[in-house]
There are 2 protein chains.
Amino acid sequence: MQPAGKGLVSAEKGADRLAPVARPRAAAAEEERLIEAIELLFFSYRDFTSDPDTILEEIGFGRAHHRVVHFVGRNPGITVAALLDILRITKQSLARVLREVIERGYLVQQTGEKDRRQRRLYLTEAGAELWERLVAPQRERVRKALAASGPGGETAWREVMFSLLDEAQRPEAEKIIIKEP
Amino acid sequence: MQPAGKGLVSAEKGADRLAPVARPRAAAAEEERLIEAIELLFFSYRDFTSDPDTILEEIGFGRAHHRVVHFVGRNPGITVAALLDILRITKQSLARVLREVIERGYLVQQTGEKDRRQRRLYLTEAGAELWERLVAPQRERVRKALAASGPGGETAWREVMFSLLDEAQRPEAEKIIIKEP
DNA sequence: AAAATATGTCAACATGGCTGACATAAATTT
DNA sequence: AAATTTATGTCAGCCATGTTGACATATTTT
């Protein structure tokens, strides 16, 4: 299902090439285009987070719990320090959420084998189930969206999204996101 | 500055076409790709909001203030009801933020001409200046990111972002985002 | 033995959401 | 003209999730 032909998805760079020159039209048009992109990002991200929000509400969890479940699910045995690095919150903030997720049986801690100061985090079966429930609609939403763009659309989308990252943080983000077997 | 050749931006659909068939590799690989996209969205959005956050902190405002300034700046004379529609928060939540933004002189209310129940919202000069300060780095970030993708990248990116919206809300989002002259 | 590290915890506070109840003025309907 | 609906504002209290600062414990490293 392609989006409507005209509006948001056109953005031909030289569309008003034939307009009168005197007006500062080119700059203004680019600015308009960019602001549209900014708002598109805002609205898309909001809808993107809405599916899990519904599920979370049922079980009395919030987005913070979601993030913990997700990144522990994705990185089994992750240390608390590494999780803090990803989430960029204080350990006190994490502690509260972590306690709740553990108390409710979605997550367990295991003392690190090599370094016994570490508390490595793992999802329980219930946690894995919850993660799947939460990630499924997002995956489906993203799958459809990527499929809706033409060939090469996914690569282009990723390029843009990746370039939106702070340059300094791209290597680390890549490390976190990509799992090589 | 193109992202590193291998990692995030490859995603050729048939990359492992030649791999052994027995393993359920195709489905797993797609799942992996989609989860990477989900996390990319998460990290990119976080960095995307980080520039304004810095400025906002200086002046003791939060993201809520930003959103109000932005959408009033973008829609001069918008009514409170319309703003609530965009932000999808309660009027009590908006009221607090609105009051602060008005008290500090960034925004004014004007009784509607046709409907005198309405309080139409406008940025003051200080408000317009603030908006420009806030939007400038985001615009620049998005400009660079879109430019970093190949030709047609912007259109593809928009298609995907637009398709991430709830289908039911696409027409309204389009109405809000696009300003026709 | 001392220092550094990984983690946990207590307490207090801020932001920005929420619900519920009620108030006012203006427009619309009857 | 009266009744109703609409647009907005406001009070009060609650919740989720972030913050800072201080301190405690176990373990590893120096």
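Here is the naming used below: chain letters follow the sequence lines, and residue numbers restart at 1 for every chain. We use all heavy atoms of the structure for the numbers below, so side chains are in, but hydrogens, waters and symmetry mates are not.
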Return the value, rounded to whole Å, for the distance between atom [atom1] of [X] and atom [atom2] of [N].
X: B:I102; N: D:dT10; atom1: CD1; atom2: C1'; answer: 14 Å
X: A:Q109; N: D:dA26; atom1: CD; atom2: P; answer: 16 Å
X: A:R63; N: C:dG16; atom1: CZ; atom2: P; answer: 15 Å
X: B:R119; N: C:dT24; atom1: CZ; atom2: P; answer: 14 Å
X: B:K114; N: D:dT6; atom1: NZ; atom2: P; answer: 18 Å
X: B:R120; N: D:dG9; atom1: CZ; atom2: P; answer: 13 Å
X: A:E113; N: D:dT27; atom1: CD; atom2: P; answer: 15 Å

Between the side chain of [X] and the main-chain N/O of [Y], is any donor-acceptor distance below 3.5 Å?
X: B:R170; Y: B:L165; answer: yes
X: A:T49; Y: A:R46; answer: yes
X: A:S163; Y: B:A148; answer: no

Name the closest nucleotide to the B:Q118 side chain, picking from D:dA7, D:dG9, C:dA6.
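Ranking D:dA7, D:dG9, C:dA6 by closest atom to the B:Q118 side chain puts D:dA7 first.
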Among C:dA27, D:dT28, C:dG16, the nucleotide that comes nearest once only the side chain of B:H65 is considered:
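Nearest listed nucleotide: C:dG16.
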Can you tell me if A:R116 touches the phosphate of D:dT27, counting only side-chain N or O atoms and a distance under 4.0 Å to OP1 or OP2?
yes
With a 4.0 Å limit, can you tell me whether A:R67 has a side-chain N or O closer than that to the phosphate oxygens OP1/OP2 of D:dG18?
yes
Just checking A:E100: base, sugar-phosphate only, or nothing, at a heavy-atom cut-off of under 4.0 Å?
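No contact at all - A:E100 keeps every heavy atom at 4.0 Å or more from the nucleic acid.
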Base, sugar-phosphate, or nothing for A:E57, non-hydrogen atoms under 4.0 angstrom?
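No contact.
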Between B:E140 and B:R143, is there a side-chain N and carboxylate O pair less than 4.0 Å apart?
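Counted as a salt bridge, because a side-chain N and a carboxylate O are separated by less than 4.0 Å.
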Hydrophobic cluster membership, B:V97 vs B:V108, 4.5 Å side-chain cutoff
no
For B:R133, check salt bridge (Lys or Arg N to Asp or Glu O under 4.0 Å) against everything at least two apart and list the hits.
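Listed in chain order: B:E58.
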For the aromatic rings, using the six-membered ring if either is Trp, is the centroid distance between A:F42 and B:F71 under 6.0 Å?
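So the answer is yes for these two rings.
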Mark yes or no for a side-chain to base donor-acceptor pair under 3.5 Å between A:R117 and C:dT5, with no hydrogen or angle criteria applied.
yes
Name every residue in residues 80-99 of chain B that has at least one heavy atom under 4.0 Å from any atom of DNA chain C, in order of residue number, or write none if there are no such residues.
B:R88, B:I89, B:T90, B:Q92, B:S93, B:R96
